[in-house]
Peer 1: 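Got a structure for you, questions after.
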Amino acid sequence: MTTKYIAYTRVSTTKQGATGVSLVEQKRFINHYAQRRGLEICTWYEEQQTAARKGRPIFDLVVEQLKQSEGSIGLILHKVDRGARNLRDWASIGEAIDQGVDVRFAHDDIDMHTRGGRLTADIQAVIAADYIRNLREEVKKGINGRLSQGLYPFQAMRGYRDTGSGQVKQPNPAIAPLIILAFQLYATGRHSLNSLRLDLHSRGLMTSTGRPLSPGALSKLLHNPFYKGTISVGGRLYSGKHQPLVSEDLFGRVQDLLHKRKPKRERKHRFRYRHSLRCRGCKNCLIGEKQKQFIYYRCHSCPGVCVREDRVSKPNHRFERLSRQQIKEVAN
């Protein structure tokens with residue numbers, strides 16, 4: 001018999017948790033519900049993460065604790081959508097109920113022990129999941145609409161500043177000149193990414209903590225077509241309305257230098273029978289290795305399966321040679 005209850009409250013973001021009143025109101029409502037029905041709340045759990053996707057650590061902890069209690073601990077939620085807005089998490093709650101866990105909803109006051117109550121809650125969960133899907137589609141539609149208008153609907157890039165929702169990003173007078181200088185200095189060919197980031201740091205281009213940009217961050221900046229007036233999102237390019245910081249010519253010269261300096265990976269050894277030999281036991285390809293003056297092909301899964309390159313043509317029951325078609329399939 002259930003004697004104690006876990007209370008679970010949730011908001012979708014940390015901002016809502018810090019500045020909103022939803023968590024306070026959920027807790028007040030659950031407390032009032034428990035007092036009216038004489039229920040004892042033993043533990044409070046609070047989560048600040050969306051329920052639209054599976055994988056909330058606090059919610060998963062609550063579900064696991066309920067399953068281990070074998071019905072001795074119940075659960076009180078504010079509403080159905082506070083527990084789950086995706087059907088996988090709702091299924092977890094349903095499994096807990098089937099195992100004897102007493103689950104209650106303070107606002108809706110649904111009796112989950114009856115067929116009608118379970119049906120009502122299931123319908124609300126489906127509606128909540130559909131609401132999230134529709135909201136996601138509307139957000140995508142809004143983002144695509146802004147992009148087609150030449151507006152960048154996300155946080156301003158380094159060197160620009162936000163001027164309001166639906167407005168064109170404007171150059172930041174304190175940072176934009178340093179971004180321009182970064183392109184100009186790198187285009188001279190006299191700087192590596194490492195030397196350039198240190199030079200720019202001495203001039204005032206730094207992270208929010210006052211450190212120099214990392215080589216990776218600087219490389220990403222120099223690769224970003226936003227600075228020449230083009231918006232790149234999801235592999236698609238859009239013509240932006242914002243003021244470019246560099247010309248097409250300068251941006252192109254920087255890309256050429258970045259491409260030329262990208263390290264090329266070269267194979268140390270080009271083995272003749274690479275992808276051509278396969279272990280008869282595990283069906284994995286034999287790996288070429290150079291040992292002193294000889295080259296061997298060895299299976300890394302099956303001990304003892306090894307052949308020297310100059311003996312590959314001799315019959316061996318431990319490996320097989322692949323046809324040209326099989327080699328192509330392995331290579332792809």
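Owing to the predicted nature of the structure, the values given are computational and were not obtained by experimental measurement.
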Peer 1: Within the structure provided, determine whether Arg104 and Tyr5 are in side-chain contact (heavy-atom separation under 4.5 Å).
Peer 2: yes
Peer 1: Look at the side chain of Gln26 and the backbone N and O of Leu77, then say whether any donor-acceptor pair between them is shorter than 3.5 Å.
Peer 2: no
Peer 1: Side-chain heavy atoms under 4.5 angstrom apart, residues restricted to Ile, Leu, Val, Met, Phe, Trp, Tyr: same cluster for Val62 and Leu87?
Peer 2: no
Peer 1: Examine the side chains of His32 and Arg28 and answer whether a donor and an acceptor come within less than 3.5 Å of each other.
Peer 2: no
Peer 1: Decide if atom CD of Glu138 counts as having more than 12 heavy atoms of other residues, nucleotides or ligands within a radius under 6.0 Å.
Peer 2: yes
Peer 1: Are any side-chain N or O atoms of Thr120 and backbone N or O atoms of Gly116, one a donor and one an acceptor, separated by less than 3.5 Å?
Peer 2: yes
Peer 1: Does OH belonging to Tyr131 count more than 12 external heavy atoms closer than 6.0 Å?
Peer 2: no
Peer 1: Please report the interatomic distance CG(Asp162) to CD(Gln155), rounded to the nearest 0.5 Å.
Peer 2: 6.5 Å
Peer 1: Would you find more than 12 non-hydrogen atoms of other residues, nucleotides or ligands less than 6.0 Å from Lys283 atom NZ?
Peer 2: yes
Peer 1: In the structure I gave you, are the side-chain heavy atoms of Ile6 and Ile41 within less than 4.5 Å of one another anywhere?
Peer 2: no
Peer 1: Between Phe271 and Tyr273, is the ring-ring contact (aromatic ring centres under 6.0 Å, His included) condition met? List the steps.
Peer 2: CA-CA 6 Å; Phe271 299 109; Tyr273 296 108; over 10 Å; no
Peer 1: Looking only at side chains, do Gln99 and Glu95 share a donor and an acceptor under 3.5 Å apart?
Peer 2: no
Peer 1: Do Glu46 and Ile58 touch side chain to side chain, with heavy atoms closer than 4.5 Å?
Peer 2: no
Peer 1: Might you point out which heavy atoms bring Leu39 and Ile76 nearest each other, and give the distance in Å?
Peer 2: CD1-CD1, 4.0 Å
Peer 1: For a side chain to side chain contact (heavy atoms under 4.5 Å, CB included) check, start with the C-alpha distance between Val80 and Ile110, then their side-chain angles and the critical distance, and finish with the verdict.
Peer 2: CA-CA 9 Å; Val80 172; Ile110 299 173; 4.3 Å; yes
Peer 1: Crowded around Lys220 NZ? As in, over 12 foreign heavy atoms under 6.0 Å?
Peer 2: no
Peer 1: Decide yes or no for Ile97 and Arg118: does some side-chain heavy atom of the first lie under 4.5 Å from some side-chain heavy atom of the second?
Peer 2: yes
Peer 1: Do Ile93 and Ile123 sit in the same hydrophobic cluster, where Ile, Leu, Val, Met, Phe, Trp and Tyr count as joined when their side-chain heavy atoms come under 4.5 Å apart?
Peer 2: no
Peer 1: Within a strict 4.5 Å, meaning less than it, do heavy atoms of the Arg253 and Leu257 side chains meet?
Peer 2: no
Peer 1: Please confirm whether the backbone N or O of Pro171 pairs with a side-chain atom of Gln243, one donor and one acceptor, at under 3.5 Å?
Peer 2: no
Peer 1: Of all heavy-atom pairs between Val233 and Tyr238, which one has the smallest distance, and what is that distance?
Peer 2: O-CE1, 4.3 Å
Peer 1: Ignoring hydrogens and geometry, is there a side-chain-to-backbone donor-acceptor pair from Lys169 to Phe154 under 3.5 Å?
Peer 2: yes
Peer 1: Which pair of heavy atoms, one from Ile143 and one from Pro153, lies closest together, and at what distance?
Peer 2: CG2-CG, 3.9 Å
Peer 1: Does the side chain of Ser69 come under 3.5 Å of the side chain of Gln65 through a donor N or O and an acceptor N or O?
Peer 2: no
Peer 1: Nearest 0.5 Å please: distance from the CE atom of Met157 over to the CD1 atom of Ile231.
Peer 2: 8.5 Å
Peer 1: Determine yes or no for a side-chain-to-main-chain donor-acceptor pair under 3.5 angstrom, with Arg10 supplying the side chain and Asp81 the backbone.
Peer 2: yes
Peer 1: Are Leu185 and Leu258 linked, directly or through intermediate hydrophobic residues, by side-chain heavy-atom contacts shorter than 4.5 Å (ILVMFWY only)?
Peer 2: yes
Peer 1: Specify the closest pair of heavy atoms between Arg161 and Pro173, including all atoms of both residues, with the distance to one decimal.
Peer 2: NH1-CD, 4.0 Å
Peer 1: State whether the side chain of His300 and the backbone N or O of Cys285 hold a donor-acceptor pair below 3.5 Å, judged by distance alone.
Peer 2: no
Peer 1: Looking at Arg280 and Phe319, would you say the former's side chain and the latter's main chain have a donor-acceptor pair under 3.5 Å?
Peer 2: yes
Peer 1: Determine, stepwise, if the pair Trp90 / Asp122 fulfils side chain to side chain contact (heavy atoms under 4.5 Å, CB included).
Peer 2: CA-CA 8 Å; Trp90 179 247; Asp122 286 342; 2.8 Å; yes
Peer 1: How about Ile179 and Leu221: do any of their side-chain heavy atoms sit closer than 4.5 Å?
Peer 2: yes
Peer 1: Between Gly74 and Leu66, which heavy-atom pair has the shortest distance, and what is it?
Peer 2: O-CD2, 3.7 Å
Peer 1: Could you tell me whether the side chain of Asp199 reaches within less than 4.5 Å of the side chain of Arg203, counting heavy atoms only?
Peer 2: yes
Peer 1: Between Thr9 and His78, is a side chain to side chain contact (heavy atoms under 4.5 Å, CB included) present by the stated rule, with each step listed?
Peer 2: CA-CA 7 Å; Thr9 59; His78 180 226; 5.9 Å; no
Peer 1: Would you kindly check if the NZ (Lys) or CZ (Arg) of Lys228 is within the cone defined by 45 degrees around the ring axis of Phe251 and under 6.0 Å from the six-membered ring centre?
Peer 2: yes
Peer 1: For Arg115, is the CZ atom crowded, meaning more than 12 foreign heavy atoms sit under 6.0 Å from it?
Peer 2: no
Peer 1: Once you round to the nearest 0.5 Å, how far does CG of Asp310 lie from CD1 of Ile295?
Peer 2: 9.5 Å
Peer 1: Same cluster or not: are Val103 and Val126 linked, directly or through other Ile, Leu, Val, Met, Phe, Trp or Tyr residues, by side-chain heavy atoms under 4.5 angstrom apart?
Peer 2: no
Peer 1: Please test Ile73 against Val101 for side chain to side chain contact (heavy atoms under 4.5 Å, CB included), starting from the C-alpha separation and ending with a verdict.
Peer 2: CA-CA 7 Å; Ile73 298 178; Val101 176; over 6 Å; no
Peer 1: Grab the two heavy atoms, one from His191 and one from Tyr186, that are nearest each other, plus how far apart they are.
Peer 2: O-CE1, 3.6 Å
Peer 1: Without swapping roles, check the side chain of Arg197 against the backbone of Leu213 for a donor-acceptor pair under 3.5 Å.
Peer 2: yes
Peer 1: When rounded to the nearest 0.5 angstrom, what distance separates CZ in Phe294 from CD in Glu309?
Peer 2: 11.0 Å
Peer 1: Quick one: does any side-chain atom of Asn144 pair with a main-chain N or O of Lys140 as donor and acceptor, under 3.5 Å?
Peer 2: yes
Peer 1: Please determine whether residues Phe105 and Phe29 belong to a single hydrophobic cluster, defined as Ile, Leu, Val, Met, Phe, Trp and Tyr linked transitively by side-chain heavy-atom distances below 4.5 Å.
Peer 2: no
Peer 1: Just how far is it from atom CG of Leu198 to atom CG of Leu205, taken to the nearest 0.5 Å?
Peer 2: 11.5 Å
Peer 1: Ring centroid separation for Tyr160 and His242, is it under 6.0 angstrom?
Peer 2: yes
Peer 1: For Tyr297, run the side-chain contact (heavy atoms from CB on, under 4.5 Å) check against Arg308, Arg272, Arg311, Glu289 and tell me which one passes.
Peer 2: Arg272
Peer 1: How many angstroms lie between OG in Ser219 and CG in Asn224, if you round to the nearest 0.5 Å?
Peer 2: 11.0 Å
